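Not measured: the values here are computed from a predicted model.
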Amino acid sequence: MPKIKFLPHKLLLPKGGTFYAKEGETILNVALRNNINIEHACNKSCICTTCHCFIEKGYYSLSPCEEKEEDILDKAWGIQINSRLSCQAKIKNQDIEVKIPMYTINQF
């Protein structure tokens with residue numbers, strides 16, 4: 001069973017944490033199941049960027065980024081090469097490390 005390590009986030013998870021995930025589960029669903037309240041204004045429908053995150057380790061062990069997600073990610077605040085929408089990134093069979101940005105467009 002793969003693990004997700006969430007790096008510390010000042011508001012959502014000050015000490016960080018490591019949690020188990022099921023193959024095929026999204027990063028967002030793992031976070032929510034473990035009381036990490038990542039914002040997801042569009043209710044996981046891939047039309048906003050509020051669940052944007054950075055994959056610090058294991059980027060290529062996630063499901064591929066599809067065209068719709070890439071188009072939406074272009075609108076995210078602080079986008080980087082390792083950016084994903086946590087509502088779309090599905091976990092495969094390897095551990096990953098995730099950093100939740102301090103800000104999203106919705107928070108401005």
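In this structure the side chain of C46 reaches within 4.5 angstrom of the side chain of K68, judged on heavy atoms. Between I100 and I36, the closest side-chain pair of non-hydrogen atoms falls below 4.5 Å. For the pair N93/S61, no side-chain contact is recorded, criterion being any heavy-atom separation below 4.5 Å from C-beta on. The shortest side-chain heavy-atom distance between C51 and I27 does not fall under the 4.5 Å cut-off. Contact of the Y59 side chain with the R84 side chain is registered, since non-hydrogen atoms from C-beta on lie closer than 4.5 Å. A heavy-atom distance below 4.5 Å is found between the side chains of I96 and I91.
Between the side chain of N82 and the backbone N or O of I55, at least one donor-acceptor pair lies under 3.5 Å. Without hydrogens or angle criteria, N34 side chain to V30 main chain gives a donor-acceptor distance under 3.5 Å. The closest donor-acceptor contact from the side chain of S63 to the backbone of K90 lies under 3.5 Å. Looking at E97, its side chain never comes within 3.5 Å of a backbone N or O of F6 through a donor-acceptor pair. The closest donor-acceptor contact from the side chain of E70 to the backbone of E67 lies at 3.5 Å or more, if one exists at all. D95 places no side-chain N or O within 3.5 Å of a backbone atom of P2 that could act as its donor or acceptor partner. Looking only at distances, no side-chain donor or acceptor of T49 sits under 3.5 Å from a matching main-chain atom of H52. Panel note: side chain S86, backbone C53; no donor-acceptor pair is recorded below 3.5 Å. H9 places a side-chain N or O within 3.5 Å of a backbone atom of P101 that can act as its donor or acceptor partner.
Within the model, atoms CD of E39 and SG of C87 stand 12.0 Å from one another, a figure rounded to the nearest 0.5 Å. Put simply, CD on E25 and CD1 on I4 are 7.0 Å apart, with the number rounded to the nearest 0.5 Å. One finds the CD1 atom of I38 at 11.0 Å from the CG atom of L85 (value rounded to the nearest 0.5 Å).
Nearest heavy-atom pair, I47 versus C42, reported as atom, atom and distance to 0.1 Å: CG1-CB, 3.3 Å. Of all non-hydrogen atoms in L13 and G17, the two that sit nearest each other are CD2-N, 3.6 Å. The heavy-atom pair separating K92 from E23 by the smallest distance is O-CG, 3.2 Å.
Note on L32 and F19: same hydrophobic cluster, where clusters join Ile, Leu, Val, Met, Phe, Trp and Tyr whose side-chain heavy atoms are under 4.5 Å apart, directly or indirectly. A continuous path of hydrophobic side-chain contacts links M102 to W77 [ILVMFWY only; heavy atoms under 4.5 Å]. Both V98 and L12 are part of a single hydrophobic cluster, where members link through side-chain heavy atoms under 4.5 Å apart.
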Kindly determine whether M1 and K22 satisfy side chain to side chain contact (heavy atoms under 4.5 Å, CB included), including the steps that lead there.
CA-CA 6 Å; M1 193 174 248; K22 298 173 189 156; 4.2 Å; yes
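Within 6.0 Å of the NZ atom in K57, the count of heavy atoms belonging to other residues, nucleotides or ligands does not exceed 12. Sparse packing is recorded around OH of Y20, with 12 or fewer heavy atoms of other residues, nucleotides or ligands lying under 6.0 Å away.
Residues N29 and K44 bring a donor and an acceptor atom of their side chains to less than 3.5 Å of each other.
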